[in-house]
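Quick notes on the structure that follows.
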Amino acid sequence: MTELLAKPKPNSVQAERAIISSWFLDPDKVGEAADAGITIDSFYDPDHKLVADCIIKAYQDGREVDELSIAECLRQQEVEDALQLVNSIS
C-alpha cells in the first residue's frame with residue numbers, strides 16, 4: 001500500500017501549460033477551471049504552481065490577469081527571472 005502512495009501523481013507539463021495559457025487568453029477560464037475542481041494543487045510542476053497561484057489570486061481579487069501583472073506577483077515572491085518564466089509558460 002505504501003508503494004502506491006510513494007508513486008508520483010500522473011502529470012502532463014503540456015496540459016499544465018495549456019491551462020495556464022488559456023487563462024491568459026481568457027481570464028474567465030480561471031473561474032471555469034475552479035468550478036471544475038482545478039486548484040494550484042492540480043499542478044505538478046513547481047513553476048506552474050507558482051504562476052497558477054498568482055493567476056488565481058489575481059482573478060479572485062478582480063485584478064488583471066496578464067503577463068506583466070503575474071510577473072510582478074512572482075517578483076514579490078522573489079522568483080528570479082519572473083517575466084521570463086511567465087513568457088515560457090504563456
All pairs passing side-chain hydrogen bond (donor to acceptor under 3.5 Å, both in side chains) where residues 45-60 contributes a residue, at least two apart:
Glu16-His48, Asp53-Lys57

What is the minimum heavy-atom distance between [X] and [Y], and which atoms define it?
X     : Y     : value
Ile40 : Ala52 : CG2-C, 3.9 Å
Ala58 : Ile70 : CB-CD1, 4.1 Å
Ser42 : Gly37 : OG-O, 3.8 Å

Run the numbers on Val51 and Cys54 for side-chain contact (heavy atoms from CB on, under 4.5 Å), then give the verdict.
CA-CA 5 Å; Val51 173; Cys54 284; 5.9 Å; no

dist Asp66:CG -> Ile55:CD1 (nearest 0.5 Å) comes out at 10.0 Å

Rounded to the nearest 0.5 Å, what's the gap from CD on Glu67 to CG on Leu83? Could you check?
8.5 Å

CD (Gln77) with more than 12 external heavy atoms under 6.0 Å
yes

Distance-only donor-acceptor pairs under 3.5 Å for side chains of residues 22-34, two or more places apart:
{"residue": "Ser22", "atom": "OG", "partner": "Ile19", "partner atom": "O", "Å": "2.7"}
{"residue": "Trp23", "atom": "NE1", "partner": "Lys29", "partner atom": "O", "Å": "3.4"}
{"residue": "Asp26", "atom": "OD1", "partner": "Asp28", "partner atom": "N", "Å": "3.2"}

